[in-house]
Amino acid sequence: MSFRNLVLCSPILEAIREAGYTEPTPIQTAAIPPILAGHDLIGIAQTGTGKTAAFAWPILTKLSEQATPAGRRAPQALILAPTRELAAQIQENLRTYGKHLPLRVASIYGGVRERPQIEALRSGVDILVACPGRLLDLHGQGYGDLSAIRYLVLDEADRMLDMGFLPAIRQILRKLPRERQTLLFSATLCPEIEVLTREFLRSPKSVEIGRRANPAETVTQFVYEVAPHLKTALLLHLLQDPKLDMVLAFARTKHRADRLARQLERSGVKTATLHSNRSQSQRMRALRDFKAGAARVLVATDIAARGIDVDGISHVINFDLPQNPEDYVHRIGRTGRAQAIGDAISFVSPEERGPLRSLERFLGRGIPRKRAEGFNHDLPAPEPSDAGEAPARPVRPIQPRRAPRSWSRAPRARRSPV
Ligand code: AMP
């Protein structure tokens with residue numbers, strides 16, 4: 001399928017050409033025609049599949065076909081997203097794709113001053129990207145007129161529920177006009193999402209693209225078993241290879257992330273840090289530096305890294321294994337995005353062997369073990385059963401899951417100090 005078949009308006013086709021995209025991704029091919037035809041839609045797709053454009057292009061096209069009122073105007077499209085980073089990223093994408101259109105995009109999220117966001121709302125916005133909490137705050141203060149919304153997107157809906165946003169979403173949806181088109185995107189269709197779709201969508205069409213219970217096929221994964229006190233030394237050893245030019249390293253806690261970043265900096269590796277103790281401007285700067293190549297390594301914790309989309313990440317390093325297997329899949333999905341080839345390397349200390357086996361059972365296969373050439377891992381050689389074969393215990397095949405284990409009722413933010 002070519003972009004021409006998608007019947008998008010020509011300013012968007014021009015922006016797509018400038019972005020260098022040659023063909024639509026599967027979610028774009030599947031979702032754009034029903035959205036343009038005016039249907040509500042449930043899109044089951046992960047970040048990294050091109051789903052932002054799948055809703056952004058048709059919404060921009062539809063808005064461009066209507067006369068834009070001059071001066072101050074109320075938003076006609078609302079996109080709800082779970083995290084500030086994702087909201088900022090969606091806004092950036094909308095600005096890129098809509099750069100030849102006279103449409104205004106604003107984003108509102110917590111952790112930064114309200115004033116500039118209020119000013120943006122006051123001066124008039126066509127498309128509003130928002131995190132639910134701050135949107136309700138500002139709306140409660142009389143800003144953010146929602147009476148003209150005709151297009152609503154719930155992006156990463158599963159994650160919004162996971163983070164405890166359901167009451168806020170319900171409140172927001174009650175404030176919107178009934179006559180609207182609603183699009184819901186989620187990585188999986190869990191029972192809670194089904195309830196939400198029954199409540200708020202009308203005869204929706206469904207599209208489902210590449211459920212990624214399995215990590216992206218373009219990502220090569222392996223494990224380095226290493227003594228815990230040698231993890232930093234091993235990372236520095238690997239960083240001697242210039243192929244690791246854009247490295248996202250995950251640490252278990254904020255404290256470990258800070259310590260690792262300090263050690264890397266001390267060894268002359270330009271490093272940025274992303275975790276929830278950092279201010280919003282520090283987080284934005286970290287992402288900007290990493291994207292621009294001013295930082296070679298971005299050290300992050302799981303929550304802070306949710307949904308971040310950075311092109312060209314060469315390697316994901318699990319400096320510590322994540323607490324649950326879904327986070328592993330999520331982490332390594334940061335590389336190998338949009339068909340790029342990437343590597344995902346996990347450092348596993350002897351204490352982490354148990355979690356590693358659980359992870360392998362979840363994935364339904366073993367992750368190959370490697371030893372870094374010229375580096376003393378300070379461990380006995382791996383047992384034969386660990387040497388890249390399937391784990392010794394029987395492997396449970398991946399079942400199509402309705403509700404992954406990590407989606408417990410408890411909001412993630414309370415779960416660990418990341
Ligand atoms: P998303 O799933 O929206 O986070 O998008 C993942 C990445 O794919 C983003 O970096 C987009 O710029 C990129 N992308 C979106 N659509 C296309 C396309 N048709 N061809 C190539 N890359 C794309």
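Both counts, for ligands and for their atoms, begin at 1 and track the order of listing. Sequence positions, counted from 1, serve as the residue numbers for this chain. Hydrogens, waters and symmetry mates are skipped; everything else that's a heavy atom, side chains included, is used. Keep in mind the model is a prediction, meaning the values are calculated, not measured.
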For T96 and N93, which I'm curious about, is there any donor-acceptor pair between the side chains at under 3.5 Å?
no
* Asked: Take atom CD in E373; do more than 12 heavy atoms of anything else shown fall under 6.0 Å from it?
  -> no
Assess whether a salt bridge exists between E199 and R170, defined as any Lys/Arg side-chain N lying under 4.0 Å from an Asp/Glu carboxylate O. yes
Short version for F55: what comes under 4.0 Å of ligand 1, heavy atoms counted, is neither
Centre-to-centre under 6.0 Å for F185 and F55, is that the case here? yes
The atoms of ligand 1 lying under 4.0 Å from a heavy atom of T49, numbered in the order shown, are 2 (O)
The single option from K254, R331, R252, R159 that satisfies salt bridge (charged side-chain N to carboxylate O under 4.0 Å, His left out) with D302 is R331
If we number the atoms of ligand 1 from 1 as shown, the ones under 4.0 Å from a heavy atom of T25 are 17 (C), 18 (C), 19 (N)
- Message: Looking only at distances, can you tell me whether any N or O atom of G50, backbone or side chain, sits closer than 3.5 Å to an N or O atom of ligand 1?
- Response: yes
- prompt: Mind checking whether Q89 has a heavy atom under 4.0 Å from ligand 1?
  reply: no
Hits for side chain to side chain donor-acceptor pair (under 3.5 Å) against S147, two or more places apart or cross-chain, chain-then-number order -> D145
At under 4.0 Å between heavy atoms, what of Q28 touches ligand 1? The answer is side chain
Below 3.5 Å, can you tabulate the donor-acceptor pairs from side chains in residues 260-270 to any protein atom, sequence neighbours excluded?
residue, atom, partner, partner atom, Å
Q263, OE1, T232, OG1, 3.0
E265, OE2, T271, N, 2.8
S267, OG, Q263, O, 3.1

Judged by heavy atoms only, the candidate from W57, Y21, F185, Y97 nearest atom 20 (N) of ligand 1 is Y21
Note: ligand 1 atoms sitting under 4.0 Å from heavy atoms of F3 are 19 (N)
If we number the atoms of ligand 1 from 1 as shown, the ones under 4.0 Å from a heavy atom of E23 are 18 (C), 19 (N), 20 (N)
